[in-house]
Structures are given as C-alpha cells and as structure tokens.
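Shown next, in structure tokens, is the structure this report addresses.
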Amino acid sequence: MKSLGIYVQVPFCQTKCTYCNFHTGVVEKERFRPYVHAVCKEIREYPQLLSAARVDWQGGFGPSARTLQGENGRPAAESGGFLVDTIYFGGGTPSLLEAGHLKEMVEEIRRTFSTALEEVTLEADPETVEEEKAAGWVRAGINRVSFGVQSFSDKELQAAGRMHRRADIYRAVPILSAAGIGNISFDLIAGLPHQARASWKESLAELIRLAPEHVSVYLLEVDEGSRLGKELLGGGTRYSAGRVPSEDEMAEFYELAQQTLGGAGYHHYEISNWAKPGFRSKHNLKYWRREAYLGFGAGAHSFSGKQRWANAHDAAAYVRAIESGRLPVEQLGTVTAEQALDEELFLGLRQLDGIDVGRIEREYGVTLQERFEQLAAAGLVEREGDVVRLAEERLSVSNEVFVELMK
Ligand code: SF4
C-alpha cells in the first residue's frame, strides 16, 4: 500500500514577524473565501491541471496492481493507487481561516481521493484559538494542532513581532484539549532576540508543564530580506538585532532542549523534533522518507517520487490562474539518480534512527562505506552494522556533518 500526504498552503498572516520573509501576505478577510475555492478547484481537478502543466504525475501516481479500499469506500486505484492518510494545513497562519473553510477543503480531499485519514494537522497561532473555532476544527476532521508557541517570554515574543503573548498560550491549550484535540505539537524557536539561557530554560520548563504530545525546536533562521535581517546587515536597534544570540549560544540552547526534553520522556526522532511514544508526525515523516506528497495552494511543493514541483507563490496570481483553469507550476524538475541519492543521505540522516547504508548502496549502485568510515573516525556519525546515524552529541552542529558528507 502506498500512502500519500496532502499539504495545503494557506499564505496569510495577521502581521509579519520581524525575522520572516516568507511569501505570506497580511490581507483582508474577504480574500480567504476565493482562495479556499481556488484550492478546492485545484484539488478537484488535479489530474487535468497537472497534465496540462506537463507534470509527469502518472509516473508517480500510476495505478497500483492492488485495489485498496479507502474509508470512503472508493478504491484507491481511482486516485492512482494511493491512499491519502495525512493532511497538513500549513502557512502562514491557516488557523486564521474560518473552520468552515478548512472543512470544505478536507471534504474536497475526501471526495477526490481515496482516504483513510489518520493525521490531519492544522498550524495554529495561540491568539487565533477560540472555543467555537476549535470545535469547528474537530468537526472538520482536524485531530492534530501544530501550535506556534515559539517562546514563553513576552519580551522575546514582542521583539520578534509575534501577535500572541504567554497568557494566550495558557488560555488556548485547555480550549484545544476540551474541543477534543488529543495531539498537540509545540513549536519553540531557539535564538530569538533577547533570548538568554535563563529565559530559554523557562520556556522549556513551561512547555513540559503543559505536556504537549510533540515538540519541534527550530534554530532561528533570519531571512536577509526580513526587517530583522536588514537590521543585522545594515545596523540599527529597532528590531533588537544586537540582542540575537550567537551561534554558540544557539547550539547551547539546542543541547539544553535535548537534555530537558529527553529527561521528560520525549523521544528525539528527527533533528528538530521530539515526540511522546506514538506521536511522531506521520505527515512530516513522509518528507524525510522521500514518500509522495501533493501540495495544494500558492507556493505549495509536491513530490511524486520522480518529480518535484511547486506552485507559484503569489496568492492573487494563483487564484486567477486556477479560476481560468490553469495551474501556475514552477521549479518542475525530474529528480536525477544523483539528486535522489543526496536526498536519501541528507533527509535520511535528519532522522535519529539513521540510514541503512547497505540498502542505499544496493539501490543506487554506489559505495559509501569509505565515506562513512572517515566520518565515523572523525566522531561525526555512529555506525552499527549497516545503520549509520548522526552522533547525538554532534546534532547541534549537524550542518558541519552535512558539509563533510558533500566533500
Ligand atoms: S513566521 Fe509564520 S506567522 Fe510569522 S510572518 Fe512568517 S509565516 Fe507568518
């Protein structure tokens, strides 16, 4: 059985965070409905739209020999032999949409594909969580919330231009639980302006007190084109560029997260992700395992197993194109054997279970043993038979390992 993940991009935010330069817009609410309708049309008409955009989706989603039975009684062969088991609404801030909008998109997916939905995730920012909305999310089929906590320090949240404050986090978590969301993931960012060891420790301690099922810790990535990025390059004090922790401090924060989360029973399964037993992100695992996923919406990326492509970023242009029956695809490319091998190594090594070097050697007809022997001798990776994984104490500097791997 082949499973397929569906990603839906919602490129709207309430405001722009100081470090971010994603293709997301702060727009009037009136823009949401036409956007949702365009996404539903893209879902409904995806075979024709992809074919017209010259995407070789048949190669990736060709009917399987076996006919699978989806939860809606539709044989999976109708949707290319794939069974959709995960949906992820990401952004932007998809929790800005009305719950009814999200329901429309989930229902369109159920009508179009063979589905056996196990995990339906919504990225939600704390200030957007309300009782009625959360109940609507559950009615729409959402069973997991990726919660944009980022920090428990109001000073850090304010400096980063986030809309919520610590009190919003405490207010929202019981609302989500009462609505029936039994799988909540907290995002934290290490490296926000004004962050110090003490405030980071406190954020970790508060997170553990609220006991989410899953945790993602990201190191702050400042986009050069963002307001903070420009201040870091050109100087100034408005966005607290001078108070961004150093790389060494960020590595220390990451290591502190490793120890604290590990001590609280979270299993570290991917460089940036920890989970209580049974709560690894099924959808995100598909990215690291190079499994197929289809992205809908402006800027959404897709992978068929053979090709990768992305929709154009501009939301207004996306809506106009879909309304006129055209999919604005860009970055369409067939993954070469060499690229596929690189992806196997880089994406595979992000997972702490490691990679099976024997399998990769057989599949790609390459010899990797020598490369990994050198990395193991340098203490960057650990080997156990055919399995190679990043050395736990080197995870905070994993980029160094990847650089060595490329040599
Ligand atoms: S960081 Fe997220 S919430 Fe903030 S502007 Fe960027 S996409 Fe929007």
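All residue numbers refer to positions in the sequence shown, counting from 1. Whatever order the structure lists ligands and atoms in, that order sets their numbers, starting from 1.
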Provide the number and element of each atom of ligand 1 under 4.0 Å from a heavy atom of Gly92. 7 (S)
Just jot down the ligand 1 atoms closer than 4.0 angstrom to any heavy atom of Tyr19, in number order. 1 (S)
For [X], all residues meeting ring-ring contact (aromatic ring centres under 6.0 Å, His included), sequence neighbours excluded:
| X | value |
| --- | --- |
| Phe147 | Phe186 |
| Tyr19 | none |
| His283 | Tyr88, Tyr287 |

Hydrogens and angles aside, do Tyr254 and Glu252 bring a side-chain donor and acceptor to less than 3.5 Å of each other? no
I'd like to know if the side chain of Gln150 pairs up with that of Glu156 as donor and acceptor (distance under 3.5 Å, no hydrogens or angles considered). no
Pair Phe32 and Phe12, ring centroids less than 6.0 Å apart: yes
Within 45° of the six-membered ring axis of Phe303 and under 6.0 Å from that ring's centre, is NZ or CZ of Arg308 located there? yes
Counting only protein N/O/S, how many atoms fall short of 2.8 Å from atom 4 (Fe) of ligand 1? 1
